[in-house]
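The structure appears below as structure tokens.
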Amino acid sequence: MHTAHRLIAAVALTGTAAFGLTGCLPSEPFPGRPGSRVLNDSVTALRGASTFTVSGTSSSQGVPTQVNLSISGTGECKGTLSARSGGNIEVVRTRDHTFLRGDEAFVLAWTQDVPEEQAGRARKEMSGRWMRVEASDPSMKGLTSLCDRDGLLRDMYSIPEAEKGALTEIDGQEAVTVNTLQGVFLVATKGEPFLLKATTSGPNAIDLAFTGSRP
């Protein structure tokens, strides 16, 4: 009888210890959600933010551009772009149009392959002035697309074979790593599940950090 009591007590203590250990283990972020859904939800949350900022580097055909933009929930955008070819560009995008104003270094770089007579006129017209750019202008597509909220985020939806990885921290925020064949994405685990960082490789590589906010 005493043996039975001791056995029951031992089992009870073992169970208590097991529960205690379980309680100390870190919980899985977004339990039951596969990596692809976590990534999609993070992009949806960012797209629905009242405003978000994006900063870092974006490449087009291997040519990097430094990005520092603020994008509103209604799609308006403003900020600066710095092209490796030279110079800085101020950009403002409304619902209907995109406006660019390049500094002298940008204007010189942008017209360097243009015949001198045309280049001279272009420099005079462009220097220190705002230019309205049509979305269909292929020469400016790489710049204007960065200020297009939907275009910027579109390629981050439905990335195949996305898997949740380790927990990490970025700028004091806890984040879960989502690994894909295209690159690595960090998603906030506290509060709104905003996308915090996207890093991909290839000719159109990006290394961008995002900060979203709600009203």
Side-chain angles (χ1 to χ4, degrees), residues 29-30 33-60 63-84 88-101 130 133 135 140-159 162 164-180 182-202 204-215:
F30 308 111
R33 290 194 230 176
S36 56
R37 182 181 168 190
V38 171
L39 182 55
N40 285 351
D41 288 350
S42 74
V43 178
T44 298
L46 192 61
R47 189 181 182 280
S50 59
T51 183
F52 70 86
T53 63
V54 53
S55 60
T57 304
S58 175
S59 298
S60 178
V63 179
T65 297
Q66 192 69 28
V67 180
N68 189 0
L69 299 170
S70 175
I71 302 175
S72 76
T74 52
E76 287 83 5
C77 168
K78 62 181 180 179
T80 59
L81 305 171
S82 301
R84 190 184 70 172
N88 299 310
I89 311 153
E90 294 177 76
V91 56
V92 173
R93 180 188 174 99
T94 67
R95 285 187 171 186
D96 302 313
H97 303 289
T98 300
F99 299 88
L100 301 175
R101 181 168 66 180
W130 286 99
V133 180
M140 291 292 184
K141 186 177 180 181
L143 299 178
T144 58
S145 62
L146 291 169
C147 222
D148 176 4
R149 180 194 60 188
D150 294 335
L152 180 65
L153 300 177
R154 185 181 299 120
D155 291 342
M156 299 182 199
Y157 279 105
S158 303
I159 295 179
K164 288 185 291 185
L167 288 174
T168 186
E169 191 174 282
I170 176 171
D171 294 331
Q173 288 184 275
E174 183 184 270
V176 62
T177 304
V178 178
N179 299 302
T180 75
Q182 294 186 24
V184 178
F185 302 83
L186 302 183
V187 177
T189 60
K190 309 294 183 184
E192 291 284 347
F194 288 131
L195 176 66
L196 299 178
K197 190 172 177 63
T199 305
T200 67
S201 57
N204 297 318
I206 60 174
D207 184 15
L208 297 174
F210 302 87
T211 303
S213 63
R214 291 291 188 186

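Index from 1, following the sequence. No hydrogens, no waters, no symmetry mates; every other heavy atom, side chains included, goes into these values.
- A donor-acceptor pair under 3.5 Å links the side-chain atoms of Arg214 to the main chain of Gly48, judged by distance alone.
- Between Asn40 and Ile159, the closest side-chain pair of non-hydrogen atoms is not below 4.5 Å.
- Between the Arg149 side chain and the Gly73 main chain, a donor and an acceptor come within less than 3.5 Å of each other.
- When every heavy atom of Leu69 is checked against every heavy atom of Leu146, the shortest pair comes out as CD1-O, 3.4 Å.
- For the residue pair Gln66 and Thr57, a side-chain donor N or O sits within less than 3.5 Å of a side-chain acceptor on the partner.
- With rounding to the nearest 0.5 Å, the separation of CG in Asp148 from CD1 in Ile71 is 8.0 Å.
- Atom OG1 in Thr98 sits 11.0 Å away from atom CH2 in Trp130 (nearest 0.5 Å).
- Contact of the Phe194 side chain with the Thr211 side chain is not registered, since no non-hydrogen atoms from C-beta on lie closer than 4.5 Å.
- Contact between Phe30 and Thr189 at its shortest, heavy atoms only, is CZ-CA, 4.0 Å.
- Using a distance-only test at 3.5 Å, with no hydrogens or angles considered, a donor-acceptor pair links the side chain of Lys164 to the main chain of Pro29.
- The CG atom of Asp155 sits 8.5 Å away from atom CG of Asn204, with the distance rounded to the nearest 0.5 Å.
- Annotation: the span from Glu76 atom CD to Arg93 atom CZ amounts to 9.5 Å, rounded to 0.5 Å.
- Going from atom CE of Met156 over to atom CZ of Phe210 covers 4.0 Å, rounded to the nearest 0.5 Å.
- Nearest heavy atoms, Val187 versus Pro193: CG1-O, 3.7 Å.
- Considering only heavy atoms from C-beta on, Thr80 stays 4.5 Å or farther from Asn88 through its side chain.
- With contacts defined as side-chain heavy-atom distances shorter than 4.5 Å, the pair Leu39/Ser42 qualifies.
- Nearest approach of Gly212 to Phe52, heavy atoms of both residues: CA-CB, 3.7 Å.
- Within 6.0 Å of CG in Asp171 there are 12 or fewer heavy atoms belonging to other residues, nucleotides or ligands.
- Side-chain atoms of Ser50 come within 3.5 Å of backbone N or O of Ser213 as a donor-acceptor pair.
- In this structure, the separation between CZ on Phe185 and OG1 on Thr199 is 8.0 Å, given to the nearest 0.5 Å.
- The two residues Ile206 and Ser58 come nearest to each other via the heavy atoms CG2-OG, 3.8 Å.
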Before giving the answer on side chain to side chain donor-acceptor pair (under 3.5 Å), spell out for Asn68 and Ser55 the whole-Å C-alpha distance, their side-chain angles and the decisive distance to 0.1 Å.
CA-CA 4 Å; Asn68 189 0; Ser55 60; 5.4 Å; no

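- Residues Thr200 and Gln182 have side chains that never bring a donor and an acceptor to within less than 3.5 angstrom of each other.
- Taking all atoms of both residues into account, the shortest heavy-atom contact from Ala175 to Ile170 is CB-CG2, 4.3 Å.
- Counting only heavy atoms from C-beta outward, the side chains of Asp207 and Lys197 approach each other to under 4.5 Å.
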